[in-house]
Amino acid sequence: MEKNRFTLRNILRFFKISFQISVWYSVLKFILSFLGVMIPIASAYFWKIVLDSIAFPAQNKLLGLLVSVGAYGLLLVVGGVLRFCHEYIDRIYSDELTLYVEKKEIEACSEYDIRYFDDNERQNRNNELSKAYKSSANISWELFDLICNTVSFLISFILVGRYNLILAITTAILVLPKYFFDVFSDKKQRAFNINISGDQRRLRYYGDALQNSDILLEAKLNNAEDYFTNQYLCLSRKLNAWIGRHKAKYGLLALLMDLIANLSFFAVILLTVLDALSGKISIGTIQYSWSLADNLKNRFAAMLHNISKLKSDRDSMVLLSEFIEENTAIETSIGDLCPQDNLTIEFEHVAFAYPGTDKNVLNDVNFTIHSGDKIGLVGLNGSGKTTIVKLLMRFYDPTAGSIRINGKDIRIYDIKSVRAVFSSLFQENIPYIFIPLRDGIALSRYDERNNTPMLDQACERSGFSAVLQTKGANYDKILNDPMCIQLENSFNLSGGEWQKLALARTYFRNSAFYIFDEPSASLDVFAEEKIFEDFSRLSERKTAVLISHRLSNMKFCSKILVLDEGKIAEQGSHEELLAMHGIYARLFELQASRYQKN
């Protein structure tokens with residue numbers, strides 16, 4: 001019952017959306033759809049008159065024959081024009097609809113919680129969700145097609161029933177097996193698509209791998225190009241075999257259902273021919289009965305298809321609604337407070353497990369960051385360092401415990417204002433391409449994109465100004481990638497140069513709280529030294545968190561948290577931790593001994 005209410009509510013919503021996309025095209029589409037299903041009945045009637053006029057010329061006047069021929073010809077022309085107009089309107093409206101749906105999809109993606117991207121099952125369902133948007137947007141047309149097909153079916157049923165009621169009923173009943181099969185096969189197809197979506201993602205990865213410059217470089221170095229080609233071919237053959245068997249199985253059954261549905265037409269042919277031979281009906285009535293029976297069968301099948309599609313669209317709408325509601329709990333949360341200056345951030349007994357996993361990445365984590373602190377996070381890979389950063393910026397909420405800003409739960413703050421506090425640089429820098437350089441820097445604070453002094457300062461501090469001088473570039477040049485089509489007035493960057501650009505973007509934001517997650521990745525030793533010199537100067541007026549595997553960089557931090565298996569095992573300054581002779585001291589001595597040996 002709830003699903004039915006949900007469907008009706010969304011049908012009304014998408015009728016409204018259809019007219020919002022284009023009132024003119026929507027009205028035309030309604031009119032053309034209705035005329036399209038009525039013309040075949042009218043054409044069959046006039047052709048009946050023509051055939052009877054030819055078969056019995058003495059009983060008919062020449063004028064009546066010419067009028068019927070003219071009407072039939074006119075309907076043929078009108079039908080052709082209507083089909084052309086309908087196809088044209090469909091193409092235009094489809095473009096508008098695609099634009100609308102993609103816009104909605106992009107807007108929805110911007111509100112997805114980050115946790116969605118950590119769940120493989122949700123990623124596999126994403127292929128179906130893209131179809132769900134389109135199905136939901138098309139539902140109003142399905143309903144109108146159902147109305148048109150129903151009207152045409154009822155007219156054909158009444159006319160065939162006047163000739164032979166049992167024949168009309170039989171024609172409709174024999175279509176039902178195909179309908180039930182279509183419902184069954186549609187459900188199986190949906191499940192099959194979800195089952196193979198993971199392998200399809202793998203196939204796309206293998207197909208695109210050698211188009212990635214980094215992968216291609218290493219593949220050529222190791223003479224491993226054939227590896228990706230073979231992986232692609234093997235997986236492609238396996239998928240094609242699965243899909244082929246699936247199509248063959250259900251294709252043969254579909255053929256059988258079509259044969260059953262057409263049995264009634266064979267009965268119509270036999271019955272009308274016998275009646276004609278006995279003189280009960282005319283030659284025109286034979287053709288008329290055949291056309292009406294065929295239209296009755298096709299319209300009833302179309303009606304059942306519309307009903308099946310509406311049910312399928314209902315399921316798509318439920319899937320879409322559940323997805324949006326499930327994945328935007330954080331991004332769409334509305335808080336009343338905005339963080340003020342002189343922040344104090346507290347982690348109180350925080351535990352966290354990523355969605356879809358049972359193992360906690362963090363367990364009973366407690367620490368406090370005061371305004372002006374420089375905090376270092378140290379630990380082996382997987383110890384929870386980056387997870388703490390994601391919780392700080394509220395990409396996730398803790399599984400247990402709480403995070404507080406100035407003594408109040410982080411969840412009562414406006415989420416955008418919380419993230420505005422941070423300027424962040426992550427190890428995996430993002431190469432934004434096909435945009436002007438000024439946008440690539442100012443994405444962290446886009447309202448200041450035309451503030452040239454701010455751009456200059458950010459580039460100078462990050463070392464990117466030297467890159468600009470070397471390449472002779474300016475802020476209006478387009479960022480590009482060597483693997484892409486080279487645009488006019490564009491330039492490419494190396495891995496280290498992209499990292500410097502990301503650092504410039506971080507400095508451009510100029511927030512109260514800096515987060516550096518392995519900021520020296522891809523940088524040379526001179527650029528790395530400059531970053532940590534700047535990091536040291538920030539302590540006088542900024543709060544900062546540093547994650548780095550190079551423990552020599554931690555001497556700039558006022559407090560270091562040492563994570564081990566999701567817990568804070570040690571904390572203190574660089575000197576205090578060395579004096580403890582614990583985990584930090586052993587890691588530091590191990591790194592120092594390697595430098596000494598070198």
Side-chain angles (χ1 to χ4, degrees), residues 109-110 112-118 212 214 330-331 345 347 352 354-355 361-362 369 374-397 403 415-416 418-433 435 437 439-446 458-459 461-464 467 479 481 493-524 527-528 530-532 534-535 538 542-551 553-554 556-557 560-561 563:
C109 284
S110 69
Y112 293 162
D113 289 352
I114 293 296
R115 64 192 175 96
Y116 161 72
F117 299 98
D118 296 321
N212 181 296
D214 295 328
I330 293 177
E331 297 299 322
I345 300 177
F347 274 54
F352 179 74
Y354 282 100
V361 179
L362 298 176
I369 303 175
K374 288 191 302 177
I375 305 296
L377 297 179
V378 173
L380 300 177
N381 289 336
S383 60
K385 304 183 297 296
T386 301
T387 300
I388 286 178
V389 169
K390 291 178 179 178
L391 291 172
L392 265 176
M393 294 185 285
R394 211 189 160 204
F395 288 119
Y396 299 91
D397 285 331
I403 301 172
I415 192 167
K416 292 188 182 296
V418 168
R419 291 176 185 165
V421 168
F422 302 101
S423 292
S424 308
L425 176 66
F426 295 101
Q427 181 176 359
E428 298 291 335
N429 64 77
I430 307 297
Y432 296 104
I433 59 175
I435 64 174
L437 173 60
D439 291 358
I441 298 171
L443 280 173
S444 58
R445 195 173 174 182
Y446 195 70
C459 290
R461 292 183 64 189
S462 66
F464 192 74
V467 177
L479 293 166
D481 185 275
L493 297 176
S494 66
E497 290 166 346
W498 280 114
Q499 185 75 354
K500 289 180 181 179
L501 176 57
L503 184 58
R505 190 160 52 246
T506 303
Y507 286 140
F508 187 82
R509 189 173 177 89
N510 195 29
S511 297
F513 199 127
Y514 279 79
I515 295 177
F516 292 133
D517 187 350
E518 296 292 353
S520 58
S522 305
L523 296 180
D524 58 53
E528 179 184 9
K530 180 172 175 53
I531 283 179
F532 288 106
D534 283 340
F535 183 79
L538 286 172
K542 301 282 187 181
T543 308
V545 169
L546 170 66
I547 299 175
S548 178
H549 282 96
R550 298 191 186 184
L551 301 189
N553 296 326
M554 291 295 162
F556 296 111
C557 297
I560 301 167
L561 307 178
L563 288 131

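Both backbone and side-chain heavy atoms feed into the values below; hydrogens, waters and symmetry mates do not. It should be emphasised that the depicted structure is a prediction, and the values quoted were computed from it without experimental measurement.
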Could you walk me through whether Thr543 and Ile345 pass side chain to side chain contact (heavy atoms under 4.5 Å, CB included), step by step?
CA-CA 11 Å; Thr543 308; Ile345 300 177; over 6 Å; no
What pair of heavy atoms forms the shortest contact from Ala420 to Arg509, and how long is it?
CA-NH2, 3.0 Å
Quick one, Leu501 and Leu479 - any side-chain contact, counting heavy atoms below 4.5 Å?
yes
How far apart are the closest heavy atoms of Ser511 and Ser423, and which atoms are they?
N-OG, 3.0 Å
Heavy-atom side-chain proximity of Leu561 to Lys385 below 4.5 angstrom:
no
Nearest heavy atoms of Phe516 and Thr506, plus distance in Å
CE2-CG2, 4.0 Å
As an exercise, state the distance from CD1 of Ile435 to CD1 of Ile441, rounded to the nearest 0.5 Å.
10.0 Å
Give the ring-plane orientation class for Tyr514 versus Tyr507, where under 30° counts as parallel, over 60° as perpendicular and anything between as tilted.
tilted
Between Ala458 and Ala504 the two heavy atoms that sit nearest each other are CB-O, 3.4 Å
With a 4.5 Å limit on heavy-atom distance, are the side chains of Tyr432 and Asp439 in contact?
no
Calculate, to the nearest 0.5 Å, the distance between atoms CZ and CZ belonging to Arg419 and Phe395 respectively.
4.5 Å
Specify the closest pair of heavy atoms between Arg505 and Ser444, including all atoms of both residues, with the distance to one decimal.
O-OG, 2.7 Å
Distance col, row Leu437:CG vs Leu493:CG, nearest 0.5 angstrom, shows 8.0 Å
For side chain to side chain contact (heavy atoms under 4.5 Å, CB included), just list the numbers for Arg461 and Leu503, CA-CA rounded to whole Å, side-chain angles, deciding distance to a tenth of an Å, and then say yes or no.
CA-CA 9 Å; Arg461 292 183 64 189; Leu503 184 58; over 6 Å; no
CD1/Ile515 to OG1/Thr386 distance, rounded to the nearest 0.5 angstrom?
10.5 Å
Rounded to the nearest 0.5 angstrom, the CG-CG distance for Leu377 and Leu546 is 8.0 Å
Looking at side-chain heavy atoms only, is the closest gap between Tyr354 and Val361 below 4.5 Å?
yes
Val545 versus Phe422: any side-chain heavy-atom pair under 4.5 Å?
no
Determine the minimum heavy-atom distance between Lys500 and Val467, stating which atoms define it.
CD-CG2, 4.3 Å
CD1 (Ile403) and CG (Leu392) are apart, to the nearest 0.5 Å, by 6.5 Å
